[in-house]
Amino acid sequence: MTEGNNMPEGDTTAKDEVPAEEKRLEEEEKKENGDSKVTVPEQTSAPDTEEDEFVHPEGGWGWLVMLAAMWCNGSVFGIQNAFGILFLSLLREFGSEDDEDLRFRTAWVGSLSMGMIFFCSPIVSVFTDVLGCRVTAVGGAAVGLVGLLASSFVTSLGPLYFTYGIVFACGCSFAYQPSLVILGHYFKKRLGLVNGIVTAGSSLFTITLPFVLSGLLEKVGLQNTMRVLCILMFVLMLAGFTYRPLLPVKASNSPTGSRCPPMSQIFNLNIWKSLGYRIWAFGIPAALYGYFVPYVHLMKHVEERFGQDASKEVLLMCIGITSGVGRLIFGRVADYVNGVNKVYLQVTSFFVIGLMSMMIPLCNIFGGLIAVCLLMGLFDGCFICIMAPIAFELVGAKDVSQAIGFLLGLMSVPMTVGPPIAGFLRDRLGSYDVAFYLAGIPPIFGGAVLCLIPWVEARRKRREKEALSKDQVASQKMIEHEKAQGEAQCKTGESVL
């Protein structure tokens with residue numbers, strides 16, 4: 001039908017063929033000059049639209065992944081936080097009260113273990129990027145199981161540095177970090193709440209393990225207690241199989257087509273270009289020199305201040321309960337705090353933790369010590385649950401694995417050094433008072449440093465906005481210039497005709 005309608009038209013308007021040809025030429029010239037400007041942005045934005053197409057499930061299989069990650073946090077840090085109970089048993093098992101450096105050397109077992117968990121984190125982040133969360137987590141749990149089982153056969157303090165402080169801790173590190181990264185595959189809007197629930201797992205274990213360990217140590221002894229703890233690591237190994245990745249895999253630029261990614265992807269240095277991240281990576285470790293001191297030495301301090309009959313396990317239970325509550329509350333609050341302003345929650349946490357550490361020697365009644373531990377646990381939960389959300393805000397989802405890994409690696413030094421120094425001060429001064437006073441200074445200093453991050457990030461965004469507006473003005477001028485050239489060419493063609 002269209003051909004039937006057009007043919008008569010062509011016959012009756014034969015005299016207008018030349019103007020029609022001129023119009024066709026003008027349209028082609030406009031396409032050459034103008035349309036190319038439209039197609040270029042479409043090509044450049046194609047990779048971004050592919051990333052934006054990914055929609056986080058916000059549930060489904062993710063809830064099972066959340067429970068598995070919760071077990072991981074509970075089993076790893078529940079054992080670490082309950083080291084104060086094991087510390088007393090190690091003092092009785094491998095030393096004597098006549099040894100002046102006994103507390104210093106024994107504290108190295110727990111602090112080396114905690115430090116190695118964080119020290120291995122940069123390496124774990126590389127394994128996570130190359131092998132994936134599932135393989136890394138399952139392999140790490142298996143290594144941790146072997147280390148803890150080997151520790152149960154040790155008969156002196158020296159080998160325990162290797163089996164418990166290095167092998168067990170390295171396995172825990174490889175199992176722990178993927179549990180933080182995998183959550184970003186399943187959740188975005190609820191990431192703060194989910195992180196709060198996951199990190200509350202360590203609080204749940206911190207509440208229950210002290211009582212379980214105390215009963216086991218009395219009935220079956222230190223070696224068999226460690227063998228019972230191996231059950232937690234075996235379940236952790238099974239939980240790692242649920243870490244099914246969802247985010248698109250980074251394309252490998254390797255010319256050979258091998259599975260091994262390029263070195264620039266294995267060791268991602270782009271995260272260090274962010275000034276906000278550099279401040280964060282310095283401020284957090286600076287605040288942690290006194291963080292782990294109460295977990296190691298509080299039990300012994302209670303024995304010396306209130307006697308051996310004091311229910312010291314209640315203090316760890318108080319820290320665990322309020323830490324779990326804090327993770328749930330502040331994890332949800334973090335979802336309503338925009339951008340890097342979440343850092344202010346960590347600042348508040350460090351200020352309170354520092355002040356509470358200084359308050360421990362001033363508590364002459366057991367009830368006062370309970371109140372201190374309740375507050376310390378509440379803001380400890382706040383500090384921990386928003387680590388991952390802040391990392392996502394500072395470097396983005398692509399680089400978050402290595403951003404968390406490098407940060408945890410830097411945290412290893414203060415986490416390792418703090419408790420032995422406190423034990424050394426106790427052995428030399430005969431009291432834990434000075435150790436707890438000094439342990440409160442680093443959190444306050446680190447919190448003050450973190451206050452710079454929102455200001456730095458606001459300045460960066462302002463500069464990017466100014467640069468973008470300049471680019472838009474320049475591109476607009478180019479469009480107007482090309483348009484003027486096109487009109488001039490059209491006028492030249494009309495004059496020639």
Side-chain angles (χ1 to χ4, degrees), residues 64-89 110 113-114 117-118 137 140-141 144-145 147-149 151-152 164 168-169 171-180 183 194-217 222 225-240 242 291-292 294-296 298-299 311-331 373-374 376-385 387-388 415:
L64 184 61
V65 173
M66 182 196 73
L67 292 176
M70 184 178 179
W71 181 273
C72 174
N73 274 259
S75 56
V76 170
F77 289 104
I79 295 174
Q80 296 294 332
N81 292 342
F83 182 75
I85 305 297
L86 296 176
F87 180 73
L88 298 176
S89 181
S113 177
M114 180 65 87
I117 289 177
F118 297 109
L145 174 61
L148 191 57
L149 186 61
S151 300
S152 67
Y164 188 91
F168 169 65
C172 288
S173 181
F174 275 76
Y176 164 64
Q177 192 175 329
S179 71
L180 297 179
L183 296 176
V194 169
N195 268 281
I197 296 173
V198 167
T199 54
S202 63
S203 300
L204 183 62
F205 277 67
T206 302
I207 295 168
T208 56
L209 267 184
F211 296 98
V212 174
L213 290 178
S214 296
L216 287 173
L217 289 170
L222 179 63
T225 298
M226 287 188 173
R227 289 164 195 157
V228 172
L229 291 177
C230 290
I231 299 173
L232 303 181
M233 302 305 297
F234 179 74
V235 176
L236 175 58
M237 187 171 63
L238 298 179
T242 65
Y291 171 82
F292 197 47
Y295 288 98
V296 175
L298 184 59
M299 300 297 99
S311 53
K312 45 191 176 293
E313 296 87 359
V314 173
L315 298 178
L316 283 180
M317 184 185 71
C318 292
I319 293 176
I321 291 174
T322 53
S323 181
V325 172
R327 294 171 199 214
L328 295 174
I329 293 175
F330 290 106
C373 290
L374 289 172
M376 184 179 290
L378 182 68
F379 286 94
D380 167 77
C382 174
F383 152 65
I384 291 173
C385 75
M387 290 275 287
M415 297 287 278

For the pair [X] (side chain) and [Y] (backbone), establish whether a donor and an acceptor sit closer than 3.5 Å, ignoring hydrogens and angles.
X      : Y      : answer
Thr322 : Leu374 : yes
Ser151 : Gly147 : yes
Arg327 : Cys382 : no
Ser89  : Ile85  : no

Using a 4.5 Å cut-off on heavy atoms from C-beta on, say whether the side chain of [Y] contacts that of [X].
X      : Y      : answer
Met299 : Phe87  : no
Met376 : Pro294 : yes
Cys172 : Met233 : yes
Val198 : Val194 : yes

Which value, rounded to the nearest 0.5 Å, describes the distance between [X] atom [atom1] and [Y] atom [atom2]?
X      : Y      : atom1 : atom2 : value
Leu86  : Leu217 : CG    : CG    : 6.0 Å
Leu229 : Leu148 : CG    : CG    : 5.5 Å
Leu236 : Leu145 : CG    : CG    : 9.5 Å
Met70  : Ser179 : CE    : OG    : 12.5 Å
Ile197 : Met66  : CD1   : CE    : 4.5 Å
Trp71  : Leu204 : CH2   : CG    : 9.5 Å

Walk me through it: do Val212 and Thr225 pass the test side chain to side chain contact (heavy atoms under 4.5 Å, CB included)?
CA-CA 9 Å; Val212 174; Thr225 298; over 6 Å; no
After noting the C-alpha distance and the side-chain angles of Met114 and Phe77, does the key distance pass the side chain to side chain contact (heavy atoms under 4.5 Å, CB included) rule?
CA-CA 9 Å; Met114 180 65 87; Phe77 289 104; 4.0 Å; yes
For Leu232 and Phe205, run side chain to side chain contact (heavy atoms under 4.5 Å, CB included): C-alpha distance rounded to whole Å, both residues' side-chain angles, the deciding distance at 0.1 Å, then the answer.
CA-CA 11 Å; Leu232 303 181; Phe205 277 67; 4.1 Å; yes
Test side-chain hydrogen bond (donor to acceptor under 3.5 Å, both in side chains) on Asn73 and Ser202; report intermediate values, then the result.
CA-CA 5 Å; Asn73 274 259; Ser202 63; 5.3 Å; no
Looking only at non-hydrogen atoms, find the nearest pair between Ala175 and Ala141 and report the distance.
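For Ala175 versus Ala141, the nearest heavy atoms are CB-N, 3.9 Å.
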Are Phe383 and Phe330 an aromatic pair by the rule of ring centers under 6.0 Å?
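When the ring centroids of Phe383 and Phe330 are compared, they turn out to be at least 6.0 Å apart.
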Inspect the surroundings of CZ in Phe234 and state if more than 12 heavy atoms from other residues, nucleotides or ligands are less than 6.0 Å away.
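Atom CZ in Phe234 is not packed in, count stays at 12 or less.
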How far apart are the C-alpha atoms of Phe168 and Ser113, what are their side-chain angles, what is the distance that settles it, and do they pass the side chain to side chain contact (heavy atoms under 4.5 Å, CB included) test?
CA-CA 7 Å; Phe168 169 65; Ser113 177; 4.1 Å; yes
